[in-house]
Amino acid sequence: ISNGRVTYDNADYVSADIYAEYSRFQLHTNDTLITLKGKGSIGKIGFVTMNKQAIFSRNIGVVRPKTNIDAAYLNAYILSYYGQNMVLRGETGGTGQSTLTCTYIKSLDIPRFNIETKIGDFVRLSESVLAQANECYKTAEQYLCDLLHIDKLKLPEDNTSIVSVSQSFAKTNRLDAEYYQPKYEVLQQHLRSTPWGYKELSEIAST
């Protein structure tokens with residue numbers, strides 16, 4: 001749950017039997033998810049926009065609106081400045097043990113307007129535009145990889161490298177291990193060998 005959305009990239013998996021058994025915890029399209037536990041993690045909001053087989057854990061609260069309110073509007077309000085302040089007011093417990101209760105969430109007051117559907121339409125439009133943008137990004141990324149033949153490049157799987165101080169920090173001001181993985185050196189050499197060449201970012205753009 002991040003930035004008002006639900007992503008499934010790093011989700012854990014269960015068997016189909018477990019999924020069927022926990023029918024009460026299955027996500028539905030238009031659910032609003034609220035994180036309930038952990039200092040700094042409480043009150044994160046996610047809107048379920050796709051019909052996907054998934055279940056939620058006990059650390060997640062689910063707001064499933066009745067038919068007399070637009071689900072996307074409800075999500076937008078809870079995600080807003082005022083909605084978030086209301087949600088976080090219910091935080092209880094000490095450091096590391098902070099909790100929101102479902103009872104408190106049920107008691108939240110939601111303002112009603114005659115433009116709720118219009119607000120909900122904007123939320124749905126934003127989700128549609130985001131999906132299109134992500135698809136365009138993936139297409140552009142794949143096109144670039146094909147152009148540079150990166151997909152065919154065999155990168156070393158070693159995650160260690162030995163370099164001297166003069167080769168590392170004194171030259172690059174970098175000490176993080178990720179920077180010195182052998183695969184990046186191979187990738188740079190490959191890019192320099194392409195017909196388009198390879199230049200440092202500082203040579204082609206100002207920061």
Side-chain angles (χ1 to χ4, degrees), residues 1-16 18-141:
I1 297 177
S2 177
N3 296 323
R5 293 182 169 85
V6 180
T7 58
Y8 304 90
D9 295 340
N10 299 314
D12 295 324
Y13 285 82
V14 298
S15 68
I18 294 292
Y19 172 77
E21 180 181 348
Y22 286 87
S23 58
R24 185 173 159 225
F25 298 93
Q26 293 173 6
L27 293 182
H28 298 173
T29 304
N30 292 326
D31 283 348
T32 289
L33 310 186
I34 304 178
T35 54
L36 301 178
K37 294 182 184 294
K39 194 70 175 176
S41 297
I42 278 181
K44 289 183 179 179
I45 308 298
F47 190 41
V48 180
T49 58
M50 63 176 67
N51 185 19
K52 197 174 184 72
Q53 290 188 329
I55 56 178
F56 60 91
S57 74
R58 63 181 179 178
N59 294 334
I60 303 294
V62 177
V63 178
R64 188 167 294 158
K66 297 178 180 179
T67 55
N68 63 347
I69 187 170
D70 189 294
Y73 158 72
L74 178 60
N75 174 266
Y77 178 75
I78 297 175
L79 190 59
S80 73
Y81 172 81
Y82 298 102
Q84 280 285 278
N85 280 343
M86 252 196 339
V87 168
L88 294 178
R89 252 187 236 147
E91 182 178 347
T92 60
T95 304
Q97 300 296 324
S98 295
T99 304
L100 268 176
T101 66
C102 290
T103 301
Y104 175 77
I105 293 173
K106 286 180 181 179
S107 71
L108 296 180
D109 292 324
I110 306 296
R112 304 302 304 270
F113 303 101
N114 58 7
I115 58 169
E116 291 174 5
T117 300
K118 189 172 183 179
I119 294 172
D121 287 342
F122 277 121
V123 173
R124 284 180 283 270
L125 177 61
S126 72
E127 292 294 334
S128 176
V129 171
L130 178 64
Q132 293 175 35
N134 286 338
E135 196 59 40
C136 287
Y137 184 89
K138 288 179 183 177
T139 300
E141 186 177 41

Min side-chain heavy-atom separation Asp70-Val123 under 4.5 Å: no

Heavy atoms from other residues, nucleotides or ligands near CG of Asn3 exceed 12 (cutoff 6.0 Å): no

Sequence neighbours excluded - ring pair (Phe, Tyr, Trp, His ring centres under 6.0 Å) pairs with any residue from residues 104-124: none

Closest non-hydrogen atom pair, Ser126 against Arg5: OG-NH2, 4.1 Å

Gap between atom CD1 of Ile1 and atom OG1 of Thr32 - 0.5 Å precision: 10.0 Å

Leu100 side chain reached by Leu36 side chain, heavy atoms, under 4.5 Å: yes

Considering all heavy atoms, the nearest Glu91-Ser98 contact: OE2-OG, 3.0 Å

Nearest atoms (heavy-atom pairs only) where Tyr19 meets Gln26: O-NE2, 2.8 Å

Check: Ser41 main-chain N/O paired with Thr35 side-chain donor or acceptor under 3.5 Å: yes

Nearest heavy-atom neighbours spanning Thr99 and Ile42: N-CD1, 3.4 Å

All pairs passing salt bridge (Lys or Arg N to Asp or Glu O under 4.0 Å) where residues 100-114 contributes a residue, at least two apart: Arg112-Glu116

Side chain to side chain, Ile110 and Leu74, heavy atoms closer than 4.5 Å: yes

Heavy-atom closest contact (Asn75 atom, Phe47 atom, distance): ND2-CB, 3.4 Å

Side-chain (Thr139) to main-chain (Glu135) donor-acceptor, under 3.5 angstrom: yes

Check: Asp9 main-chain N/O paired with Thr7 side-chain donor or acceptor under 3.5 Å: no

Interatomic spacing from CG in Leu79 to CD1 in Ile45 - rounded to 0.5 Å: 6.5 Å

From Asn134 atom CG to Glu141 atom CD, the distance as rounded to the nearest 0.5 Å: 11.0 Å

CD1-CD1 distance between Ile78 and Ile105, expressed to the nearest 0.5 angstrom: 8.0 Å

Partners passing side chain to side chain contact (heavy atoms under 4.5 Å, CB included) against Val48 (at least two apart in sequence or in another chain): Val6, Tyr8, Leu27, Asp31, Leu33

For Gln84 against Gly43, the heavy-atom pair lying closest together: NE2-O, 3.0 Å

Derivation and outcome, side chain to side chain contact (heavy atoms under 4.5 Å, CB included), residues Met50 and Glu127: CA-CA 10 Å; Met50 63 176 67; Glu127 292 294 334; over 6 Å; no

Salt-bridge present (Lys118, Asp121; N to O < 4.0 Å): no

Approximate separation, where rounding is to 0.5 Å, of Cys102 SG and Arg58 CZ: 12.5 Å

